[in-house]
Amino acid sequence: MDVQGQNGVSAETPIPLLTSYKLGKFQLSHRPNALFKLFIELGFNYGQIWSFPSRQNDQFSKLSTDSVFSMESMGKVVLAPLARQRSWNHVPQPHAILYYSQRTTKGGLLITEATGVSDTALGCPNVPGIWTKEQVEAWKPIVDAVHAKGGIFFCQIWHEGRVANTDFWPKGLAPISCTDKPLTPQIQSDGINLTQFPTPRRLTTDEIPQVVNDFRLAARNAIKAGFDGVEIHGAYGFLLDQFMKDEVNDRTDKYGGSLDNRCRFPLEVVEAVVNEIGADKVGIRLSSYSTWPEARDSNPKALGLYMAESLNKYRLLYCHMFEPKRETVGEKCECPHSLFPMRKAFNGTFIVAGEYGREDGNRAVAEDRADLIAYGRWFLANPDLPTRFALNAPFNKYNEETFYTPDPVLGYTDYPFLEDTE
């Protein structure tokens with residue numbers, strides 16, 4: 001029987017986002033605990049459920065809200081990589097233990113914030129790295145905390161390229177890229193201040209293998225730190241994306257010009273990382289339709305499709321693509337089928353991200369446009385996001401002003417859980 005609760009949640013009808021999924025050797029299966037399911041069947045709404053243990057008779061007095069609300073898995077809900085800029089001197093800090101463990105459930109997939117592959121990969125303050133022994137050791141207790149709750153943890157490895165500031169580079173060297181074209185000043189998220197970018201240095205053909213090797217070593221270090229795998233960051237106008245996009249790449253060697261030449265470097269990174277740690281531990285993030293910052297491609301569909309098809313050769317665990325829903329600040333565009341050709345072309349697990357909510361995430365899974373949905377800002381502000389999806393409960397609002405605040409608590413680990421709000 002399909003029993004509906006007061007909030008429209010069914011105990012029997014599966015929510016697409018919270019159904020089981022096999023990600024390689026990892027089982028992402030959603031099983032709400034018995035108490036949670038019972039309360040739903042009895043018709044309780046989310047407010048009644050959270051208050052029930054503490055406000056009913058003595059026979060329930062020993063029940064905690066955690067025991068009622070705990071979800072045994074996030075199912076097809078993924079924590080997207082989110083820059084938080086709280087790693088002093090590029091070393092992960094103990095406060096990240098709480099941040100990531102808050103967002104972990106048994107069998108849930110989490111992807112770290114972008115993590116630098118070398119000392120020349122970073123161009124902004126307080127972002128983590130994974131090229132030194134100190135950084136590897138600092139990641140270990142964070143990874144252990146996620147694993148202790150049964151989570152699956154991937155490290156996103158990253159190089160900023162020309163989207164960098166020389167103030168944060170060693171010895172004041174110029175950022176590297178596929179080009180020597182500088183970025184124009186960019187308006188910051190506050191809509192007022194400008195970020196200035198220096199003129200990048202064009203990598204020589206002979207230097208590119210060293211950067212490939214940096215990614216390989218970063219992947220090796222991630223496994224040493226205990227991560228279950230890595231996600232190669234090939235999106236959002238950073239180094240790998242700079243090579244792929246024809247608005248940026250103006251090279252005339254084997255890494256520029258044609259589509260296959262522009263994709264050569266990213267695919268060399270993929271091959272090196274796969275050879276180092278195994279394809280079953282490797283994913284990649286791509287954003288062929290993304291245009292920020294000045295990283296547009298004249299044919300994003302062809303680019304995305306080429307990469308999706310080329311990745312099949314390496315048998316990657318997953319491909320994680322960004323579906324743009326916002327062309328400029330304040331303007332939204334709906335393009336739910338823009339990634340469907342790539343979804344059909346790629347043979348592995350297909351993850352999508354792009355300002356999804358509960359309903360459009362469910363639709364994307366139900367319509368087979370994606371296997372998994374990655375949530376960024378909503379997961380940042382709602383550490384118990386899968387529970388809120390299950391109950392169709394309201395979300396905490398995120399505060400953009402604290403996204404990158406170098407505070408170990410404010411806007412980081414202080415967002416309330418559902419049972420903390422009435």
Side-chain angles (χ1 to χ4, degrees), residues 78-97 99-101 103-104 109-147 151-161 163-165 168-170 175-176 211-241 266 269-270 272-273 276-277 281-287 317-318 320 353 374 376 379-380 403-404 406 412:
V78 177
L79 175 66
L82 291 160
R84 303 313 316 273
Q85 294 186 215
R86 288 163 168 86
S87 298
W88 323 142
N89 298 316
H90 305 308
V91 177
Q93 298 297 305
H95 45 253
I97 296 173
Y99 173 76
Y100 284 109
S101 63
R103 289 153 182 80
T104 303
L109 174 61
L110 298 85
I111 306 169
T112 70
E113 57 209 283
T115 302
V117 300
S118 69
D119 61 349
T120 60
L122 308 176
C124 53
N126 301 323
V127 291
I130 196 161
W131 70 87
T132 71
K133 182 177 180 180
E134 181 185 13
Q135 291 164 339
V136 171
E137 293 301 315
W139 274 116
K140 286 181 178 180
I142 304 169
V143 176
D144 289 345
V146 171
H147 285 163
I152 299 154
F153 208 11
F154 272 54
C155 181
Q156 188 188 67
I157 54 177
W158 168 64
H159 196 301
E160 287 199 54
V163 188
N165 189 315
F168 304 104
W169 271 53
I176 59 174
V211 182
V212 172
N213 194 55
D214 289 339
F215 276 89
R216 181 186 68 82
L217 294 175
R220 175 193 290 182
N221 285 340
I223 300 304
K224 286 182 179 178
F227 284 103
D228 297 294
V230 302
E231 176 178 283
I232 299 166
H233 198 334
Y236 298 155
F238 296 118
L239 184 62
L240 272 62
D241 200 34
V269 170
V270 169
V273 171
E276 181 64 36
I277 65 172
K281 303 180 186 69
V282 181
I284 189 170
R285 195 175 210 199
L286 301 171
S287 60
L317 180 64
Y318 69 79
H320 179 186
F379 220 149
L380 176 157
F403 280 0
Y404 313 115
Y412 192 56

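This one's a predicted model, so the numbers in the text were calculated from it and none came from an experiment.
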Student: Would you say the side chain of Y99 lies within less than 4.5 Å of the side chain of L82, judging by non-hydrogen atoms?
Tutor: yes
Student: Going from CZ on R220 to CZ on R216, what distance comes out if it is rounded to the nearest 0.5 angstrom?
Tutor: 5.0 Å
Student: What is the minimum heavy-atom distance between V212 and A272, and which atoms define it?
Tutor: CG1-CB, 3.6 Å
Student: Working to the nearest 0.5 Å, report the span between CZ of F227 and CD1 of I277.
Tutor: 11.5 Å
Student: Going from CG on L79 to CZ on R103, what distance comes out if it is rounded to the nearest 0.5 angstrom?
Tutor: 7.5 Å
Student: Between Q93 and S87, which heavy-atom pair has the shortest distance, and what is it?
Tutor: CG-CA, 4.1 Å
Student: Decide side-chain contact (heavy atoms from CB on, under 4.5 Å) for Y404 and N126; before the verdict, give the C-alpha distance in whole Å, the side-chain angles of both, and the deciding distance to 0.1 Å.
Tutor: CA-CA 9 Å; Y404 313 115; N126 301 323; over 6 Å; no
Student: If we count only N and O atoms by modelled type, under 3.5 Å, do the side chains of H90 and D119 hold a donor and an acceptor together?
Tutor: no
Student: Can you measure from CD1 (I157) to NE2 (H233) and round to the nearest 0.5 angstrom?
Tutor: 11.0 Å
Student: In sequence, state the C-alpha distance, the side-chain angles, and the governing distance for D228 and F153, and then conclude on side-chain contact (heavy atoms from CB on, under 4.5 Å).
Tutor: CA-CA 6 Å; D228 297 294; F153 208 11; 4.0 Å; yes
Student: Quick one: does L122's side chain get under 4.5 Å of W158's, heavy atoms only?
Tutor: yes
Student: Heavy atoms, side chains only, cut-off 4.5 Å: are V273 and I284 in contact?
Tutor: no
Student: Any idea how Y318 and F154 line up, ring-wise: parallel (<30°), tilted (30 to 60°), or perpendicular (>60°)?
Tutor: tilted
Student: Measure the shortest side-chain to side-chain distance between T120 and H159 over non-hydrogen atoms and say whether it is less than 4.5 angstrom.
Tutor: yes
Student: Contact between Q135 and P128 at the side-chain level, heavy atoms closer than 4.5 Å - yes or no?
Tutor: no
Student: Is any side-chain N of the basic residue among R84 and E113 closer than 4.0 Å to the acidic one's carboxylate O?
Tutor: no
Student: Supply the atom-to-atom distance T104 OG1 to I152 CD1, rounded to the nearest 0.5 angstrom.
Tutor: 10.5 Å
Student: If you look at every heavy atom in V117 and A218, which pair is closest and at what distance?
Tutor: CG1-CB, 3.7 Å
Student: Identify the heavy atoms of L286 and G234 that sit nearest to each other, and give their distance.
Tutor: CD2-O, 3.7 Å
Student: Work out which heavy atom in Y100 is nearest to a heavy atom in I111; give both atom names and the distance.
Tutor: CE2-O, 4.4 Å
Student: Begin from the C-alpha positions of T112 and Q156 and carry the test side-chain contact (heavy atoms from CB on, under 4.5 Å) through to its verdict.
Tutor: CA-CA 6 Å; T112 70; Q156 188 188 67; 4.1 Å; yes
Student: Ignoring hydrogens and angles, write down the donor-acceptor pairs under 3.5 Å from the side chains of residues 137-145, residues two or more places apart or on other chains.
Tutor:
unit_1, atom_1, unit_2, atom_2, d
E137, OE2, K140, NZ, 2.9
W139, NE1, G129, O, 3.2

Student: Under the side-chain hydrogen bond (donor to acceptor under 3.5 Å, both in side chains) rule, collect the residues that match up with R285, sequence neighbours excluded.
Tutor: Y236, H320
Student: Please determine whether side-chain contact (heavy atoms from CB on, under 4.5 Å) holds for the pair I232 and V282, giving the CA-CA distance in whole Å, both sets of side-chain angles, and the decisive distance to 0.1 Å.
Tutor: CA-CA 8 Å; I232 299 166; V282 181; 4.0 Å; yes
Student: Write down the atom of G123, the atom of E160, and the distance for their closest heavy-atom approach.
Tutor: N-OE2, 2.8 Å
